[in-house]
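Naming convention: chains lettered A, B, ... in sequence-line order (proteins, then strands); numbering from 1 in each chain.
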Amino acid sequence: MLDLKKIRENPQEILKLLHQRNTDYQLQPILDLDTQQREKQSIKTELQARSNEIGKIIGQKMRSGVNSQSEEISRLKEEGNNVKAKLAELEPEERELKAKIDALLLELPNLPSNTTPMGKNETENIEVRRWGDEFIPDGSHILPHGEIGEKLGIIDSERAVKVAQSRFVALVGMGAALERALINFMLDRQIDAGYIEVIPPVLINSESLQGTGQLPKFAEESFKCENDDLWLTPTAEVPVTNFYRGEILEAEKLPIYHCAYTPCFRREAGSYGRDMRGLIRLHQFNKVELIKLVHPQTSGEEHEKMVNNAEAILQALKLPYRVVELCTGDIGFSAAKCYDLEVWLPNANTYREISSCSNCHDFQARRADIRFKEKGKKGTEYVHTLNGSGLAVGRTMAAILENYQQKNGTVKVPEVLQPYLKTDILGNNEY
RNA sequence: GGAGAGGUGGCCGAGCGGUUGAAGGCGCAGCACUGGAAAUGCUGUUUGGGGGUGACUUCAACGAGGGUUCGAAUCCCUCCCUCUCCGCCA
């Protein structure tokens with residue numbers, strides 16, 4: 001949520017920043033409503049002040065023995081009633097204006113950071129760096145990971161679709177073990193890097209989704225349990241950031257680092273037909289997420305460090321990747337600045353997103369009301385929140401299957417995973 | 001699902017119709033005492049919105065929303081949440 005005060009004080013500047021996202025936004029309706037609301041509020045405050053005053057006077061008189069039936073008190077009571085009648089008229093109007101303003105504010109995305117490169121859309125994202133040697137097929141045929149998985153008997157799409165529907169897969173035997181090994185490996189590494197693990201609820205309420213920015217605008221992206229105010233979490237970012245919703249943290253507690261493994265659920269609305277095969281775009285996938293709550297002054301460097309933490313996983317797995325900084329036209333709703341990690345997929349001969357690391361500044365903190373207080377200082381400040389995948393597990397498996405496949409159809413196990421899997425080769429699965 | 005208890009400031013906890021934004025305690029900060037510390041004493045210590053350069057002032061908030069009243073943390077209604085016991089259960 002953007003700061004209404006800043007919008008009021010500097011609408012042109014805010015609008016300019018919003019338009020860097022390459023979408024049209026309006027601030028005038030908010031400004032108009034805000035003027036009306038403030039006017040009503042000041043009248044309301046005056047009436048309330050008078051009403052309080054009357055109450056106090058009556059209280060004093062009655063304590064000092066004035067008869068409650070006396071003319072004096074009756075007159076005051078009558079005035080009190082008049083004030084109340086006016087308030088009764090004003091209050092709902094004022095409340096409605098406030099609600100309208102809030103609704104509009106919730107629809108506005110975050111402002112891009114001034115370091116975010118300008119651009120219309122994903123074609124103008126900027127490659128920051130590359131790591132590792134791309135595995136270029138030398139004439140021999142490279143299979144897509146989905147096919148490798150099916151051949152090895154470690155991915156079973158057909159039965160998953162029977163059990164659920166399309167865009168679901170099941171992992172079997174060494175496939176399941178590999179997924180589990182990846183989750184453990186990623187968590188172990190991030191815990192070593194200083195993140196505290198959380199296993200949060202994966203059914204979460206509407207307030208939480210609003211807190212991190214998925215609601216109200218992106219309701220159609222999540223699965224909802226219709227009988228309850230509960231949704232399937234689209235990413236652990238939501239429950240873990242909302243862990244601290246409505247709290248005032250002590251400044252010394254910052255920065256807070258969390259990592260969390262959860263399954264993630266997304267409708268993938270609007271992506272009909274895209275990435276239908278394999279592990280790339282599913283309704284349910286596993287992810288290890290990194291979440292930080294930090295002091296505003298440090299969020300820039302904390303962001304870079306978080307990206308490095310995610311990169312460390314790819315490096316340990318020896319998977320080639322590149323880091324891309326998203327331009328103003330491509331960053332997500334809540335993000336001010338965002339880096340994507342894209343892993344090399346030789347079959348598609350391209351890099352595919354495997355992690356997205358966002359610095360949300362105080363945007364989510366404002367929505368979720370997460371503040372901190374410095375000892376000895378007056379007042380509170382909003383924290384900055386960051387989140388990043390460390391990493392998307394299914395896509396990591398996809399990358400391993402493609403980058404580690406061998407001519408005989410088996411797949412080597414990355415060295416760092418061998419202790420977890422107790423084998424160095426995937427193949428000859430008896431399933 | 002059945003029965004009961006309860007939700008008050010950073011925390012504990014009192015208040016159950018009238019200058020109560022809220023006693024008391026803990027914690028925290030400052031000062032005093034001390035060679036230094038502990039102990040002790042004194043003072044201060046919620047958040048958000050308006051207005052003023054400022055001392056300051058005003059409004060709101062005692063789970064949420066309504067109601068009664070001149071006046072509600074206190075009374076009434078609805079909802080939400082937590083806890084205890086019983087039942088069921090991975």
Side-chain angles (χ1 to χ4, degrees), chain A residues 1-9 30-31 33-105 199-211 225 227-231 239 242-254 256 263 293 362 365-383:
Chain A
M1 180 134 72
L2 300 182
D3 186 356
L4 180 56
K5 209 190 263 177
K6 286 205 180 117
I7 294 178
R8 183 153 65 219
E9 283 164 2
I30 293 178
L31 291 168
L33 289 168
D34 180 51
T35 310
Q36 291 175 47
Q37 188 270 331
R38 279 153 58 85
E39 220 165 89
K40 290 211 192 286
Q41 195 191 8
S42 82
I43 300 171
K44 193 182 98 177
T45 303
E46 272 170 46
L47 289 171
Q48 279 167 332
R50 180 57 188 157
S51 167
N52 288 345
E53 198 180 359
I54 292 168
K56 257 180 209 170
I57 296 171
I58 293 178
Q60 273 165 5
K61 300 238 182 234
M62 293 190 28
R63 283 192 150 201
S64 63
V66 178
N67 187 330
S68 62
Q69 304 300 314
S70 73
E71 169 117 9
E72 202 182 0
I73 290 196
S74 302
R75 232 186 309 115
L76 283 166
K77 283 190 182 179
E78 202 190 318
E79 194 193 340
N81 276 326
N82 288 338
V83 170
K84 204 170 67 167
K86 282 186 206 154
L87 276 171
E89 219 175 288
L90 205 61
E91 266 172 349
E93 294 172 11
E94 195 255 354
R95 206 177 318 140
E96 200 183 317
L97 286 168
K98 231 180 209 158
K100 278 186 187 162
I101 293 168
D102 258 359
L104 289 174
L105 281 176
I199 299 183
V202 295
L203 289 188
I204 54 178
N205 57 35
S206 298
E207 228 181 321
S208 295
L209 284 157
Q210 182 175 301
C225 307
N227 293 331
D228 306 275
D229 177 30
L230 289 171
W231 306 67
N242 276 281
F243 232 52
Y244 299 98
R245 191 173 70 227
E247 296 192 24
I248 299 174
L249 306 163
E250 291 167 37
E252 307 91 275
K253 294 256 169 75
L254 301 178
I256 293 172
L293 287 84
D362 63 358
R366 233 171 246 292
R367 291 179 158 240
D369 189 25
I370 307 172
R371 291 170 287 166
F372 70 95
K373 185 177 174 59
E374 278 179 83
K375 278 229 167 78
K377 264 201 192 171
K378 244 191 135 44
T380 57
E381 232 182 300
Y382 288 106
V383 301

Worksheet entry | Closest-nucleotide ordering on RNA chain B, the 5'-leading residue of A:Asn81 and A:Arg50 | A:Arg50
Worksheet, complete the sentence: Assign each of A:Lys77 and A:Met62 the nucleotide of RNA chain B bearing its closest heavy atom; nearer the 5' end lies the nucleotide of A:Met62
Taking any strand in view, what nucleotide pairs with [N] in a Watson-Crick or G-U wobble way, both distances under 3.5 Å?
N     : value
B:A73 : none
B:A14 : none
B:A55 : none
B:A37 : none
B:U45 : B:G27
B:A5  : B:U82

[atom1] atoms of [N] and [M], separation to the nearest Å:
N     : M     : atom1 : result
B:U46 : B:A39 : P     : 24 Å
B:A22 : B:A29 : P     : 24 Å
B:G65 : B:U8  : P     : 16 Å
B:A38 : B:U53 : P     : 44 Å
B:U45 : B:A23 : P     : 11 Å
B:G13 : B:G25 : P     : 16 Å
B:G6  : B:A60 : P     : 29 Å
B:G21 : B:U57 : P     : 15 Å

[X] has an atom [atom1]; how far is it from atom [atom2] of [N], in whole Å?
X        : N     : atom1 : atom2 : result
A:Lys373 : B:U45 : NZ    : C1'   : 9 Å
A:Asn52  : B:U69 : CG    : P     : 18 Å
A:Ile248 : B:C28 : CD1   : P     : 19 Å
A:Glu247 : B:G9  : CD    : C1'   : 15 Å
A:Gln48  : B:G49 : CD    : C1'   : 12 Å
A:Lys253 : B:C28 : NZ    : P     : 13 Å
A:Glu46  : B:U57 : CD    : C1'   : 13 Å
A:Asp229 : B:C81 : CG    : P     : 10 Å

Discussion item. By the 4.0 Å heavy-atom rule, please label A:Thr380 as base, sugar-phosphate, or nothing.
Written reply: sugar-phosphate
Discussion item. Please classify the nucleic acid contact of A:Ile58 as base, sugar-phosphate, or nothing, using heavy-atom distances under 4.0 Å.
Written reply: base
Using a cutoff of under 3.5 Å, can you pull out all pairs of nitrogen or oxygen atoms linking the protein to nucleotides 66-68 of chain B, with atom names and distances?
| residue | atom | partner | partner atom | Å |
| --- | --- | --- | --- | --- |
| B:G66 | OP1 | A:Arg95 | NH1 | 2.8 |

Using side-chain heavy atoms (C-beta onward) and a distance below 4.5 Å, is [X] in contact with [Y]?
X        : Y        : value
A:Arg245 : A:Asp369 : no
A:Ile256 : A:Val383 : no
A:Ile204 : A:Leu209 : yes
A:Asp362 : A:Asp3   : no

How many angstroms lie between [atom1] in [X] and [atom2] in [Y], if you round to the nearest 0.5 Å?
X        : Y        : atom1 : atom2 : answer
A:Asp34  : A:Arg8   : CG    : CZ    : 4.5 Å
A:Ile57  : A:Met62  : CD1   : CE    : 14.0 Å
A:Asp229 : A:Glu207 : CG    : CD    : 8.5 Å

Salt bridge between [X] and [Y], side-chain N to carboxylate O under 4.0 Å?
X       : Y        : result
A:Glu94 : A:Lys98  : yes
A:Glu96 : A:Lys100 : yes
A:Arg50 : A:Glu53  : yes

When you compare the protein's N or O atoms with those of nucleotides 50-54 of chain B, which come within less than 3.5 Å of each other, and at what distance?
| residue | atom | partner | partner atom | Å |
| --- | --- | --- | --- | --- |
| B:G50 | OP1 | A:Arg8 | NH2 | 3.0 |

Worksheet entry | Residue A:Glu71 excluded, over 12 heavy atoms near CD under 6.0 Å | no
Practice prompt. Consider the side chain of A:Arg371, meaning its heavy atoms from C-beta on, and name the nucleotide among B:G48, B:C70, B:C59 that approaches it most closely.
Written response: B:G48
